[in-house]
K.L.:
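Okay, handing you the structure first.
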Amino acid sequence: MKGNGVTPIANAYKWPFWIGLAGVLLSIGFPVVMLLLQSVFPAIGESSAAGAFQPYRDIWTTDGLWRMWNNSLSCAALTTLFAWALGLPAGWLMARTNLPGKSLLRVSLLLPVMSPPYLLALAYVLLLNDNGLVDTFVGPLPESIRGAFFGMGGVVFIMGLTSFGTVALLVEASLQNVSTRLEDAARCLGAPPTAIFRRITLPLLVPALVNSGVLVFIDTLSNFGIAAILGPRSDLVLLPAVIYEMLTTWPADVPRAAAISSILAVAAVVLVTVARIYIGIRVIANGRIPAGRLTKLNGLELCLALAFFGILFLFSSFLPNATVCLMSLIERWQGGNPVFTLQHYQAILAWGSGGLQALSTSAGLSAAAATACAALGGITAYALARYKGRGVSMLDHLSMLPRVLPNLVIAVGFILAWNAPWVPVRIYGTLAILFLAYVAIYQAVALRFADAGMRQLAPRLEQAAACLRAPRLSILSRIVFPMLFPSLFVAWIAIFVMCLRDWVASIMLLPPGAQTVGSFIFSQFEQGDFAQAMAMSVCTVVLSTVLLVAANLRFYRNNTP
């Protein structure tokens, strides 16, 4: 990220830069360094360099090593292809045709992106399991379909449904920002539509497809929720489940878990770097002014396009959400028919119940983390935009690290960093470690919004205030942050929702005696209390929606003349 091209304010007072750098180093830099050190020096916690690189040598003796890597890489690759197969035509239809109702269709693409993958996995397990909802209401499910789902096919199916929307939105944005002149010229010369798409449109989509593919691949490779839910039920050994087992099964094998996590982290960084280089080589300039020509769909084509979006919505949003709501209301089965009740919600929301404590804990942590991320993101974006020097480049790269590293790797790094015996502040085993983990994982979201806002702010007011000898704190609090408030407000909302639905950090870093929404759903589902787990899922969605709508209404009223 760069500044807006104007001369920066004099660097006499650099404390915003140092605050941003300290926050990034503490939240993400320290855990990543400890992860790498622990993977190389397994006895570093005892201040010893004995057994250097032994964890990497031990990896090769891990039972089922090649099966684990083969399963994980195959799932990630197949999911990427599946997401491309769904997202590419959806994005093209949105950008290049006269399809009606595009606003609603775009919302239908966003819904699965905003839904946690573990929630879709839980819903489809309840749908397709033996004696599940499909068997009960529709009829016996063919074993071929059940067998395909409870295996690698299920992982690919669930992850593809939660990620194709990202591909579609990136493809649509890419097509809307390039001219159609090359396609129009080829069409005038009589080129068939398939040749136009293959030789012109598809090369123009290389950046969008590569970027989205990298995101989908890394997310699938490291997704803990899908591995924890479908892995044991499918006899499918996946990388995240192996790391979790190494950390939670006595005796814990922390060095090998750190080594595997480090390999995953390095692979993610390398993959993102190679993708950027490839995009820089293959990108094709096609003008900056998009053309407004849209392909007109005839009656049959229009019906097929709407049916395509309807099928996507059915499987990615309607079926899983309907399943969650239905299961949360079922008390028991009587003669093959469900008996409905609200007692699951009453049990969760009862005063002093574990469910209510989980909700309040998650809401409090989410609000605190969102506030900290917004403040840190605003200060860091200000430092990146207004200061120059070598340190700024380092801060830029470090601040984007959470967008590259999988959440699972960051969680493992937190376990190693804050559980070290020489750490003076004991936060491991407390809610403070969850708070720091949320800040580390989601701070890049706030920085992205704040940086976009800073690009629009010329430093004239800040320079004028500095000439009048205004303190830098006053410049930030009375000029910069008020103008950045809309961007930071949107970032706060997004981070709050992400933290409230977090799964990985909440399960792996949960202190004894505490519960969050994610850990409550996971524990109830594992204990067979599906109704309680689904009721908590519904409560989480409702709480997120109510709070976000209330916040938006307040923001709208405060900014309406």
Side-chain angles (χ1 to χ4, degrees), residues 115-129 132 150 154-155 158-159 162 219-220 222-234 236-249 252 257 320-321 323-325 327-328 344-345 347-348 353-363 365-366 406-412 414-415 429 431 433-434 437-438 441 497-541 543-544:
S115 299
Y118 69 82
L119 193 58
L120 266 72
L122 293 174
Y124 273 100
V125 167
L126 295 174
L127 275 169
L128 304 179
N129 209 357
F150 289 101
V155 177
I158 297 298
M159 286 303 304
T162 61
D219 192 24
T220 305
S222 60
N223 191 281
F224 172 70
I226 303 298
I229 294 169
L230 289 180
R233 293 168 174 83
S234 308
L236 187 66
V237 182
L238 295 172
L239 179 64
V242 171
I243 295 175
Y244 179 74
E245 183 179 358
M246 287 180 175
L247 293 173
T248 57
T249 302
N321 285 302
T323 300
V324 169
C325 294
M327 288 300 300
S328 69
H344 306 302
Y345 291 96
I348 288 176
S353 66
L356 187 60
Q357 291 177 4
L359 276 170
S360 59
T361 299
S362 287
L365 283 173
S366 299
N407 294 354
L408 177 69
V409 172
I410 298 176
V412 175
F414 262 77
I415 294 175
L431 287 176
I433 194 172
L434 266 181
Y438 290 163
I441 293 173
V497 174
M498 292 176 182
C499 293
L500 192 65
R501 300 177 180 181
D502 179 81
W503 179 273
V504 176
S506 298
I507 293 176
M508 298 194 68
L509 302 176
L510 187 69
Q515 283 274 37
T516 61
V517 167
S519 65
F520 183 89
I521 294 173
F522 180 72
S523 62
Q524 294 298 317
F525 191 83
E526 288 298 302
Q527 294 170 13
D529 194 346
F530 303 142
Q532 285 275 341
M534 297 300 99
M536 176 60 78
S537 300
V538 174
C539 289
T540 303
V541 173
L543 176 62
S544 301

K.L.:
Between L236 and L230, does the side-chain contact (heavy atoms from CB on, under 4.5 Å) criterion hold? Intermediate values first, please.
P.N.:
CA-CA 8 Å; L236 187 66; L230 289 180; over 6 Å; no
K.L.:
Run the side-chain contact (heavy atoms from CB on, under 4.5 Å) check on V538 and Y345 step by step: do they pass?
P.N.:
CA-CA 9 Å; V538 174; Y345 291 96; 3.4 Å; yes
K.L.:
Can you name the nearest heavy-atom pair linking C539 to L359, along with the distance?
P.N.:
CB-CD1, 4.2 Å
K.L.:
Hey, what do you get for CE (M508) to CD1 (I243), rounding to the nearest 0.5 Å?
P.N.:
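So the gap between those two atoms works out to 7.5 Å.
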K.L.:
Is there a donor-acceptor pair under 3.5 Å between the side chain of T361 and the backbone N or O of A358?
P.N.:
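No, the answer is negative, given that no donor and acceptor are paired below the 3.5 Å cut-off.
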K.L.:
If you round to the nearest 0.5 Å, how far is CD1 of I410 from CD1 of I441?
P.N.:
5.0 Å
K.L.:
Taking ring-ring contact (aromatic ring centres under 6.0 Å, His included) as the definition, give me every residue that meets it alongside F520, ordered by chain and number, with sequence neighbours left out.
P.N.:
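Per chain and number, F520 pairs via ring-ring contact (aromatic ring centres under 6.0 Å, His included) with no residue.
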K.L.:
Do you know which two heavy atoms are closest between P512 and G429, and how far apart they sit?
P.N.:
CD-O, 3.9 Å
K.L.:
Return the minimal non-hydrogen interatomic distance between L434 and L365, and the atom names on each side.
P.N.:
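Result for this residue pair: CD1-CD1, 4.0 Å.
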K.L.:
What are the two closest heavy atoms between S537 and I521, and how far apart are they?
P.N.:
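Of all heavy-atom pairs spanning S537 and I521, the closest is OG-CD1, 3.4 Å.
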K.L.:
Testing the basics here: between Q357 and S360, what is the closest heavy-atom pair and its distance to 0.1 Å?
P.N.:
O-OG, 3.0 Å
K.L.:
Please round to the nearest 0.5 Å and tell me the distance separating atom CG of L239 and atom CG of N223.
P.N.:
11.5 Å
K.L.:
Using side chain to side chain contact (heavy atoms under 4.5 Å, CB included) as the criterion, list what pairs up with A514, not counting sequence neighbours.
P.N.:
L431, L510, P511
K.L.:
CG of L119 to CZ of R501: how many Å apart, nearest 0.5 Å?
P.N.:
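Taking CG in L119 and CZ in R501, the distance rounds to 8.0 Å.
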K.L.:
Output the distance between atom OG (S328) and atom CE (M536), rounded to the nearest 0.5 Å.
P.N.:
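Rounded to the nearest 0.5 Å, the OG-CE separation comes out at 12.0 Å.
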K.L.:
Parallel, tilted or perpendicular, judged at 30° and 60°: which one describes the rings of Y244 and F522?
P.N.:
perpendicular
K.L.:
Holding to side chain to side chain contact (heavy atoms under 4.5 Å, CB included), I want the full list of residues that pass it with S506, two or more places apart in sequence or in another chain.
P.N.:
Y438, D502, T516
K.L.:
Using ring-ring contact (aromatic ring centres under 6.0 Å, His included) as the criterion, list what pairs up with F150, not counting sequence neighbours.
P.N.:
none
K.L.:
Counting C-beta onward and ignoring hydrogens, is there a side-chain heavy-atom pair between L122 and I229 closer than 4.5 Å?
P.N.:
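In contact.
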K.L.:
Using side chain to side chain contact (heavy atoms under 4.5 Å, CB included) as the criterion, list what pairs up with F530, not counting sequence neighbours.
P.N.:
L126, M327, F525
K.L.:
Drop me the distance from S366's OG to M498's CE, to the nearest 0.5 angstrom.
P.N.:
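Here the rounded value is 11.5 Å.
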K.L.:
Taking side chain to side chain contact (heavy atoms under 4.5 Å, CB included) as the definition, give me every residue that meets it alongside L120, ordered by chain and number, with sequence neighbours left out.
P.N.:
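Partners of L120 under the side chain to side chain contact (heavy atoms under 4.5 Å, CB included) test: S115, I158, L161, T162, P320.
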K.L.:
Under 3.5 Å, is there a donor-acceptor pair between the side chain of S353 and the main chain of I348?
P.N.:
yes
K.L.:
Which heavy-atom pair separates L408 from S222 by the least distance, and what is that distance?
P.N.:
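Shortest heavy-atom separation between L408 and S222 comes out as CB-O, 3.8 Å.
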